[in-house]
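See below for the structure under consideration.
Side chains are part of it too, since the values below use all heavy atoms of this structure and drop only hydrogens, waters and symmetry mates. Since this is a predicted model, take the numbers as computed values, not measurements.
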Amino acid sequence: MGSEFWTDDLPLCQLCGVGSAPNCVYGPDGKGTQSHPNEDGHFRFSTECCFLYGVFNGYDGSRVASFVSQCLTAELLLGQLSTGHTDADVRRILSQAFDVVEKSYFETIDDALAEKANLQTQLPEGVCLSAQTQKIAERLKALEQEVSGGATAIVALILNNKLYIANVGTNRALLCKTTSDGQNQVIQIGRAHTIDNDDELSRLAQLGVDLVRLRQTGLISGQSSTRRIGDYKVKFNYTDIDVLSAATQKPIISEPEIHGGQSLEGVTGFLLLMSEGLIKALESAHGPEQVNQEIVAMVAAELAQQSSLEAAAQSVVERVKRLHHDAYVSGRQRAPHCGRHEDMTLLIRVVNYTLADGSLTPTQGGRIYPVSVPYSNHQSTSKTSGTLTNGSNTASTLEGDTPTAGQSPTATLQSTNTHTQSSSSSSGDGSLFRQRGSQAAQPRRGRGRVPPYVDFTQFYRLWGSDHSEGQGLSGDLGPQ
């Protein structure tokens, strides 16, 4: 990227690591090819006043995600935030920033939209193959590529040692904390803005949208999100979209749902920001029930081995990519769901968390890691009224926060047991958040293998007996 953007001169946060992988479509032979340029984006900045992180999932091009990344930074890190601001001030500033970004983006394509509308009036009715008509059609196609597309965003701000999350769309934030009694809490902050979100359905119903037809349609102009940035078709031409045509005002909005601030005083753990592509890839491979716990388990396992946050984040993304691919080539139950995956981005921000001393390279393929295999959660308990039952549909608010206007409070979700289990027995009593320090696992001499720190003998026996046909897994499963 060089010095193309002014944000290149901002200091990157050293407490953060990012991993990514491009989209992929598998052929009949299991080989993958990239179907379009990467459309995800992210930022991770540290200033004297605050820390700012974001993950952006673009679609129909990367233009909007790139614009949002640049413009949102300018709206938040050029003196708008200060340590004297209250929680209400911060939420107001975040909300205003998203509003400015949306309006600024549409200003950049105003001329193209006007030209497009003018050219459309010049097209003759019926079939006409004149040179002039063909020229107009080619120009319209170029203009459509220029103005189409949108993005969803998940942004985290740490100010005065308090965490704020602003979400628009279908990305996800998880806060993982180790409690004083050694248990681990996995808190999903907010919910995806889709038709599976009751608050969003209520909002759309109040605007006159037919919810029965909306549920039948599933997607809105090709996307599942009910909130998104950009995408002029659903913002300006929604009356031409059948399922939205009855709306009395703009139904697809860019207003963020904001949670926080949550004090990070005394907290040990990590924050995860994940693009929709990463979430969907793991859901496709294993089902949606345990996605949050699986991601947390993978991250904790990598942090116990890696000396670099960047390597840990990239290794987790590679694991998910491998799991998705293996589910496809296995031909088993989940295979039909795994023919392709979108761009994947994972941002890890540690909070008072010490990395292992060992320096290991990111995982490159290899067999399935036991820690990321779906497991029974029958020993888990909840300290609140919320229960973590479905990784794609659960929600929480940060303690002590006030949801954005129009949002109803939701329960804080805590998973107090994230260690891996087989379907019939626990794999050990060690916490995946345990700090390995100087005891970090080191490769064995001559073999390059990392010895497991939990006994998975029973797991291998069960897995081998259940999956050995033609897979060659029995007896040779450990981490590669």
Side-chain angles (χ1 to χ4, degrees), residues 1-7 22-25 33-41 56-72 74-75 98-153 168-170 217-247 249-254 276-277 340 342-343:
M1 191 176 294
S3 57
E4 182 180 356
F5 299 116
W6 72 274
T7 52
N23 59 90
C24 185
V25 178
T33 55
Q34 188 172 339
S35 62
H36 59 76
N38 191 1
E39 297 168 335
D40 277 5
F56 309 96
N57 174 38
Y59 58 89
D60 296 336
S62 61
R63 176 188 173 99
V64 180
S66 177
F67 181 90
V68 173
S69 176
Q70 297 293 313
C71 189
L72 199 57
E75 291 301 318
F98 276 86
D99 184 52
V100 170
V101 168
E102 167 97 340
K103 291 177 179 176
S104 299
Y105 169 70
F106 282 124
E107 286 177 2
T108 69
I109 63 172
D110 265 351
D111 291 344
L113 287 174
E115 181 184 355
K116 183 171 178 288
N118 181 48
L119 288 175
Q120 284 174 328
T121 64
Q122 300 177 30
L123 281 177
E125 295 182 5
V127 179
C128 182
L129 300 178
S130 70
Q132 179 65 14
T133 301
Q134 186 175 350
K135 185 177 180 180
I136 292 176
E138 290 175 354
R139 178 57 181 160
L140 282 171
K141 183 178 180 180
L143 286 170
E144 178 62 26
Q145 290 180 335
E146 182 179 336
V147 301
S148 65
T152 58
V168 175
T170 50
T217 303
L219 299 179
I220 303 171
S221 191
Q223 301 294 318
S224 62
S225 56
T226 55
R227 299 194 188 196
R228 55 187 86 163
I229 303 170
D231 201 338
Y232 81 93
K233 291 180 182 178
V234 299
K235 301 294 175 62
F236 303 141
N237 300 344
Y238 64 87
T239 54
D240 297 331
I241 300 173
D242 191 35
V243 73
L244 301 178
S245 59
Q249 62 187 50
K250 189 184 298 181
I252 307 301
I253 60 176
S254 62
E276 180 186 10
R340 63 181 299 147
E342 277 300 327
D343 306 315

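- Residues passing the salt bridge (charged side-chain N to carboxylate O under 4.0 Å, His left out) test with Asp111: none are found, sequence neighbours excluded.
- Atom CD of Glu138 and atom NZ of Lys135 lie 9.5 Å apart (nearest 0.5 Å).
- For residues 142-153, the salt bridge (Lys or Arg N to Asp or Glu O under 4.0 Å) pairs, not counting sequence neighbours, are Lys116-Glu144, Glu144-Lys233.
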Are Lys235 and Asp231 close enough, and set up right, to give a salt bridge (charged side-chain N to carboxylate O under 4.0 Å, His left out), and what steps lead you there?
CA-CA 7 Å; Lys235 301 294 175 62; Asp231 201 338; over 6 Å; no
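- To the nearest 0.5 Å, atoms OG (Ser224) and OH (Tyr59) are separated by 9.5 Å.
- Remark: side-chain polar atoms of Asn38 are not paired, donor with acceptor, to backbone N or O of Asp343 under 3.5 angstrom.
- Closest non-hydrogen pair, Ser221 versus Val234, comes out as CB-CG1, 3.5 Å.
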Checking Ser225 against Glu276 for the side chain to side chain contact (heavy atoms under 4.5 Å, CB included) test, could you report, in this order, the C-alpha distance in whole Å, the side-chain angles of both residues, the deciding distance, and whether it holds?
CA-CA 10 Å; Ser225 56; Glu276 180 186 10; over 6 Å; no
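- Proximity of Phe56 to Ile229: side-chain heavy atoms (C-beta onward) are nowhere separated by under 4.5 Å.
- Gln34 contributes no side-chain N or O that, together with a main-chain N or O of Asn23, makes up a donor-acceptor pair within less than 3.5 Å.
- For the atom pair CD (Gln134) and CD (Gln132), the distance works out to 11.0 Å, reported to the nearest 0.5 Å.
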Applying side chain to side chain contact (heavy atoms under 4.5 Å, CB included) to Ile109 and Arg63, what does each step give before you reach the verdict?
CA-CA 11 Å; Ile109 63 172; Arg63 176 188 173 99; 3.3 Å; yes
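- A 4.5 Å side-chain heavy-atom check between Asp40 and Asn57 finds at least one atom pair inside the cut-off.
- Between the side chain of Thr108 and the main chain of Tyr105, a donor-acceptor pair closer than 3.5 Å is present.
- Rounding to the nearest 0.5 Å places CG of Asp60 at 10.5 Å from CD of Gln145.
- Atom SG of Cys71 sits about 11.0 Å away from atom CD of Glu102, to the nearest 0.5 Å.
- In this structure, Glu75 and Ser104 have side chains that are not in contact, with every pair of non-hydrogen atoms separated by 4.5 Å or more.
- Here the straight-line distance linking atom CG of Leu244 with atom OG1 of Thr239 works out to 9.5 Å at 0.5 Å rounding.
- Looking at heavy atoms from C-beta onward, Arg228 lies in side-chain contact with Ile220 at the 4.5 angstrom threshold.
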